[in-house]
Amino acid sequence: MAANVTSANARASRLRWLVIAVPLAWMLIFFLIPFFNVLKISFSTRARAMPPYKPVLSMVDGIAGLFDKLQQLTIANYLTLVADSKYWLAYVSSVQIALFSTVLIVLVAYPIAYGMARAPRQWRTTLVMLVILPFWTSFLIRVYAWIGILSDEGLLNQVLMQLGLIDQPLRILTTNWAVYIGIVYSYLPFMILPLYATLEKLDETLLEAAEDLGCPPMKAFWTITFPLSLPGLIAGCFLVFIPITGEFVIPDLLGGSGTLMIGKTLWYEFFNNRNWPLASAVAVVLLLLLVVPIVIFQNQQQKQAEKSR
Amino acid sequence: MRRGATWFNATSVAIGFAFLYLPILLLVIYSFNESKLVTVWGGFSFRWYGELLRDQAMLDAAWVTLRVAFLSATIATVLGTLGALALVRFGRFLGRTLFSGMIYAPLVMPDVITGLSLLLLFVSLDLDRGFWTLILAHVTLTMCFVAVVVQSRLVTFDRSLEEAALDLGATPAKTFFVITLPLIMPGVVAGWMLAFTLSLDDLVIASFTTGPGATTLPMKIFSQVKFGVTPEVNAISTILILVVATGVIVASLVTKRREVERQKAERLALQG
């Protein structure tokens, strides 16, 4: 009997170990280790070969050969990123665009989330569903839809001209304004949902008490509602800021040649110039730039998950 | 005062939803436009849907995309559910912080970084790029989303049911399949659907990790859009929107009904 229990326990702990090991191994191989590979390649030079970089580190020539190859590694790609303003300006401009868009998204999302949280209870599930639905439809398609609206002969310009508000079409597509519109549109649900989740849980008796005690609604909002919605607001900000900084599709399709964003730079460096080592260096620096926000985001998510238990 | 606030709330919600839906609606309307110029209305027609059916390259791309999405979502759901179990059920274990970090980081990681790093891995391993590397890449991206969705279901779950099964002598594996899995099923299904649509949708990671012979629909759409807006893209977009919207609505209605039935059964059990 005792032996049976022990073997059952051993089986259970083996099972437990398997449940952890399989996804852990997968993420190590396909998520973590590849970053070190990118780091390694960012120190190599471009080559006319396949793969198009050298040296390719390997043990075929023994330890001495490997050591010889290690000496060929250079920091030239990183020097290029610093020396050529095309690159470092793209970083600065990406962070600027991401910060400004995050502010815009908060301004647009807050009233919507607030209105949803104050809507009659029986409507709320449907409203949440309606916010999620466009998020399920293709990102690329949603960005594409704006080309037809914002172009010179697009629908927005047609409507404005019909109304007589303008007599020359406005140039919006291929400017940063189109990029902002596209970003706000695409990332809006990521801000609305966490904000709604915190606003919906807000204890309304607090607001009633404030009102009974003669607090004006505006003041009640800033002293009660807003501070209590901060966890959702902060989660939403990280959820949009980090991916926007590395965004490629929106600046490429809606922006013009003047729209500098680092995701676009990386893409063109890789696909058009076929300079893999430089593209890797671009990726490493972008990751270093985002590592602090990403770690804060992780900690926050983990805390949230543990709190709801 | 109260009335003013309600009016303000209703208006902001209405404008917000108009902003979310109007572009999609316009896109759908213009897919039925006879004219080749996307911005000029030339009468109602199914012309571009016909063109689409004759566009073999587009159909091939759609077929590749569907197969990749189905396979990668299925693998990602298994791995993501295991990941969620490890995070919620196993308390502290060696490398837990690293593990949860690797689950949350891909959710916000810019696609260009994930795509590039996976591609360089495949090149270093000398794997032929194509259908299978695409699946490996999409599983990696989407299993994290599955893990987060399933995790949120697992934390709201009554553990005493599992404990009862274990006390009555069920093995941990049996307990999982008979008790845990049916109860977290809505989360697992939602996770699978999310993984499926993310895979269906992905342009950047696919462009990096695929090879000749496995061009996906988003890649095809992207290259057409680069040449300018074409009504054919509106037509394929409309079909995709329709398929995804139907899927999401049907799934949510089914889960809602199941939930109601389950609650009714629980109430009956308590009375009995």
Side-chain angles (χ1 to χ4, degrees), chain A residues 12 15-16 19-20 22-24 26-27 30-32 34-35 37-38 41 51 111-112 114-116 118-119 129-130 133-134 136-141 144-149 153-155 217 239 242-243 245-246 248-249 253 263 266-267 270 279 283 286-287 294 297-298 301-302 305 308-309, chain B residues 1 5 9-10 12-13 16-17 19-21 23-24 26-27 30 38-39 79 82-83 85-86 90 93 95 99-102 104-106 108 110-113 116-118 120-121 123-124 136 140 143 151 155 172-173 197 200-201 203-204 218 221-222 225 229 233 237 240-241 244-245 248 252:
Chain A
L15 194 75
R16 182 189 132 110
V19 168
I20 298 172
V22 174
L24 181 67
W26 185 286
M27 288 316 283
F30 293 107
F31 188 73
L32 196 64
F35 287 132
N37 193 33
V38 174
I41 291 166
I112 302 175
Y114 187 85
M116 283 168 63
R118 294 284 163 275
M129 175 82 190
L130 282 172
L133 202 57
W136 289 84
T137 59
S138 168
F139 183 76
L140 180 62
I141 291 172
Y144 164 77
W146 281 99
I147 298 179
I149 299 172
E153 62 279 3
L155 290 159
L239 218 45
I242 303 167
T245 309
F248 162 72
V249 176
L253 289 182
L266 195 159
W267 178 282
F270 181 85
L286 176 58
L287 195 60
I294 289 175
F297 169 76
Q298 279 168 3
Q301 290 292 303
Q302 210 174 330
S308 63
R309 203 173 302 174
Chain B
M1 202 61 237
N9 290 346
S12 51
V13 171
F17 281 95
F19 177 61
L20 279 177
Y21 281 91
I24 299 176
L26 289 171
L27 180 95
Y30 274 83
V38 199
T39 45
L79 290 172
L82 291 180
L85 279 171
F90 294 160
F93 56 85
F99 185 61
S100 74
M102 288 194 297
Y104 290 119
V108 287
D111 288 345
V112 283
I113 297 182
L116 180 72
S117 70
L118 279 166
L120 294 176
L121 174 79
V123 170
S124 299
L136 291 176
T140 310
M143 68 175 274
Q151 175 186 271
V155 291
T197 49
L200 207 65
D201 198 18
L203 166 75
V204 175
I221 293 175
F222 182 70
V225 172
V229 180
V233 172
S237 305
L240 273 178
I241 291 169
V244 171
V248 173
S252 78

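Each chain gets a letter, A, B and so on, in the order the sequences are listed, and its residues count up from 1. Owing to the predicted nature of the structure, the values given are computational and were not obtained by experimental measurement.
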*asked:* Quick check for you: to the nearest 0.5 Å, what is the distance between A:F30 atom CZ and B:M102 atom CE?
replied: 12.5 Å
_Give me the atom names and distance for the closest heavy-atom approach of B:V112 to A:G246._
CG2-O, 3.7 Å
*Can you say whether A:V19 sits under 4.5 Å from chain B via the side chain, the backbone, both, or neither, judging by heavy atoms?*
both
*Name the region of A:L266, side chain, backbone, both or neither, that has any atom closer than 4.5 Å to a heavy atom of chain B.*
side chain
*Kindly give the heavy-atom pair with the smallest separation between B:V13 and A:M116, and that separation in Å.*
CG2-N, 3.6 Å
*Does any heavy atom of chain B fall under 4.5 Å from the side chain of A:F139, the backbone, both, or neither of them?*
both
*So what's closer than 4.5 Å to chain A heavy atoms on B:V108: side chain, backbone, both or neither?*
both
*Check whether A:I112 gets within reach of chain B through its side chain, its backbone, both or neither, counting any heavy atom under 4.5 Å.*
both
*Side-chain (A:Q298) to main-chain (B:G101) donor-acceptor, under 3.5 angstrom*: yes
*When rounded to the nearest 0.5 angstrom, what distance separates CD1 in A:I141 from CG in B:L240?*
4.5 Å
_Partners passing ring-ring contact (aromatic ring centres under 6.0 Å, His included) against A:F31 (at least two apart in sequence or in another chain)_ = A:F35
*Could you check which of B:L26, B:L200, B:L85, B:D111 has the highest count of heavy-atom pairs closer than 4.5 Å to chain A?*
B:L26
*Closest approach of A:I20 to B:A86 (non-hydrogen atoms, all atoms of both residues)*: CG1-CB, 3.9 Å
*asked:* Between A:F297 and chain B, with a heavy-atom cut-off of 4.5 Å, which part of the residue counts as in contact: side chain, backbone, both or neither?
replied: side chain
*asked:* Applying side chain to side chain contact (heavy atoms under 4.5 Å, CB included), can you list everything that pairs with B:P23, at least two apart in sequence or on another chain?
replied: A:A145, A:W146, A:I149, A:Y185
*Do you know which two heavy atoms are closest between B:L121 and A:P34, and how far apart they sit?*
CD2-CG, 4.0 Å
*chain A heavy atoms under 4.5 Å from B:F17: which part of the residue, side chain, backbone, both or neither?*
side chain
*asked:* Looking at chain A, which one of B:A173, B:S117, B:G16 has the largest number of heavy-atom pairs inside 4.5 Å, strictly under?
replied: B:S117
*Counting heavy-atom pairs under 4.5 Å to chain A, which of B:L27, B:V244, B:L120 comes out on top?*
B:L120
*Contact part of B:I24 toward chain A, heavy-atom cut-off under 4.5 Å: side chain, backbone, both or neither?*
both
